[in-house]
Amino acid sequence: MKLPVVALVGRPNVGKSTIFNKIVGSKISIIEDTPGVTRDRIYSEASFGEYHFNVIDTGGIDERRQPFNDKIRMQAEIAIDESDVVLFIVDGKEGLTSNDLLVRDILRKTDKRVIVVINKIDAKSYQKHLYDFYELGFDSYIPVSGEQGTGFYELMEEIVKDFDVKEQREDKRLKFSVVGRPNVGKSSLINALLNEERVIVSDVAGTTRDAIDTTLTYQNEEYVVIDTAGMRKKGKVYENVEKYSLLRSMKAIDRSDVCVLVVSAEEGIIEHDKHIAGYVLEKGKGLIIAVNKWDTVEEPDIKEYLKKVRAEFQFLSYVPVVFCSALTKKRIHTLMPEIIKVGQNIGREIKTNVLNEVINDAYQLNIPPSYKGKRLKIYFVNQSGTKPPKFTFHVNNKGLVHFSYERYLENKIRENFDFEGTPIVLQFKNRDEQ
């Protein structure tokens, strides 16, 4: 069932992100005193009682000519178009402004249900502005304080009053994030997949400041794609916003099933690309390497470049590599099939009897050497988890497991079962261990 969509719009710095975070119950949107911090649409799911709905935060609409204003306005208009209910956020401290009237004019051109949310009503002295906003001409007005959390029960009741969604659904859609250092073309890659400018793209590194959830439909199946802020090296001096962005990128990886690590064919692979890949594997996520900006390579030779990638990422021999250009969309069609395959592999379950046959054969083929008169024995193996796949070996003495033999067993599992793109975890337990 498609969930209703609620969009938050308004001029800059009226507290949209604070209200967004209150509604969804977590700090997803960046909150700063700087106008224009939220520049793209930020998606999340929210609930109130039995009702569930999606929420979109947007950048502030401003009539002044500043960088990104046209694109922010376009993004807000797309969000309004996608929504069932629009929360028009205004500032109760400042009162009505010309920018509020600009937003009103945009909303009047739509047939959406609009709730005017008068924010920052923290003290009685600010209530004098309340009635000024009736000039906007909408039907619903709810005063709130995003900082103090007052008025939100009434707001949520107003939001859901026409909704007909009373069933909790488990979101079984595959979630994948697009990660990498700044300016390697992550947002452009998503735009190429979506065939629309859902994410603001700019040549300025760090344009994408938040993680943005978007639904992508591919061959009649829905997927959730998470665009992340560029991950910069730790230790570098951050602006406050960039600190949030690194944390948000890591959280996006945590929420994903599969991560697409974007590297630049133009710049080549650097050490920080490996650090990001290491973090993805540490979190047990599926991984695909996307070599973007393939159109910038003068004499493109995939086989030769693949050798370079494999040499740089020696610890990722099982990870698929895709070569593409987000700009020209060349070979972009090769990415989704790999994402789907890795998504299947990370959730793959192996029958216990088949698994034990493979491990017994591997053991007989390469019996581990004895150590101080003792030899490792494997009694039984079972798969004990997925995402990532985890295998538990019941042995006589786990202290006898040498790392090279563990690697041998992992390779044998990979040879016999398709776990391309996913880390697998091997754990060893003594027979008497619970």
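To the nearest 0.5 Å, the span separating NZ on K303 from CG on D301 amounts to 8.0 Å. Between T217 atom OG1 and L194 atom CG the span is 9.5 Å, to the nearest 0.5 Å. Rounded to the nearest 0.5 Å, atoms CZ (F315) and NZ (K274) are 7.5 Å apart. Note that the CD1 atom of I269 and the CD1 atom of I289 stand 6.5 Å from one another [nearest 0.5 Å]. Between the CG atom of L8 and the OG atom of S17 there is a distance of 8.5 Å, given to the nearest 0.5 Å. Here L193 contributes atom CG and H333 contributes atom NE2; the two are 12.0 Å apart, rounded to the nearest 0.5 Å.
In this structure, S256 and C259 approach most closely via the heavy-atom pair CB-SG, 4.1 Å. Residues V103 and R11 come closest through the heavy atom pair CG2-N, 4.1 Å. Residues R173 and D257 come closest through the heavy atom pair O-OD2, 4.0 Å. Contact between F393 and L426 at its shortest, heavy atoms only, is CE1-CG, 3.6 Å. The two residues P389 and N345 have their closest heavy-atom pair at CG-O, 3.9 Å. Closest non-hydrogen pair, A326 versus I332, comes out as CA-CD1, 4.4 Å.
When side chains are defined from C-beta on, K390 counts as touching Q427, because their heavy atoms get closer than 4.5 Å. Inter-residue side-chain proximity for I190 and S187 is flagged as unmet; no heavy-atom pair is nearer than 4.5 Å. Using a 4.5 Å heavy-atom cutoff, the side chains of E222 and L174 are not in contact. A heavy-atom distance below 4.5 Å is not found between the side chains of N382 and F391. Contact check for V144 versus V117: side-chain heavy atoms found under the 4.5 Å cut-off. At a threshold of 4.5 Å between non-hydrogen side-chain atoms, the residues F323 and K293 do not count as touching. Taking the side chain as every heavy atom from C-beta outward, T392 and K429 approach each other to under 4.5 Å. For the pair L376/N396, a side-chain contact is recorded, criterion being any heavy-atom separation below 4.5 Å from C-beta on.
Residues E338 and K341 are paired through a salt bridge, judged by an N-O separation under 4.0 Å between the basic side chain and the carboxylate. Salt bridge status for E357 with K351: absent, with no side-chain N to carboxylate O gap under 4.0 Å.
Using a 30° and 60° split on the angle between ring planes, Y405 and Y408 fall in the tilted class, from 30° to 60°. Between F380 and H394, the ring-plane angle classifies as tilted under the 30° and 60° cut-offs.
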Query - side chain to side chain contact (heavy atoms under 4.5 Å, CB included) assessment of I80 paired with V86 - result: CA-CA 7 Å; I80 292 164; V86 177; 4.1 Å; yes

Query raised in the report: Can you check side chain to side chain contact (heavy atoms under 4.5 Å, CB included) on V14 and N119, steps first, answer last?
Result: CA-CA 7 Å; V14 292; N119 190 27; 5.8 Å; no

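Side-chain N or O atoms of N356 include one that pairs as donor or acceptor with a backbone N or O of V381 at under 3.5 Å. D84 contributes no side-chain N or O that, together with a main-chain N or O of D162, makes up a donor-acceptor pair within less than 3.5 Å. Using a distance-only test at 3.5 Å, with no hydrogens or angles considered, a donor-acceptor pair links the side chain of D273 to the main chain of I270. Judged by distance alone, with hydrogens and angles left aside, the side-chain atoms of S177 form no donor-acceptor pair with the main-chain N or O of V179 at under 3.5 Å.
Within a 6.0 Å radius of OH in Y218, more than 12 heavy atoms belonging to other residues, nucleotides or ligands are found. Shown here is K374, whose NZ atom has no more than 12 heavy atoms of other residues, nucleotides or ligands within 6.0 Å.
With hydrogens and angles left out, the side-chain atoms of S140 and E158 include a donor and acceptor closer than 3.5 Å.
Remark: R414 qualifies as a cation-pi partner of Y318 under the 6.0 Å distance and 45° angle criteria applied to the six-membered ring.
In this structure, F48 has its ring center no closer than 6.0 Å to that of Y51.
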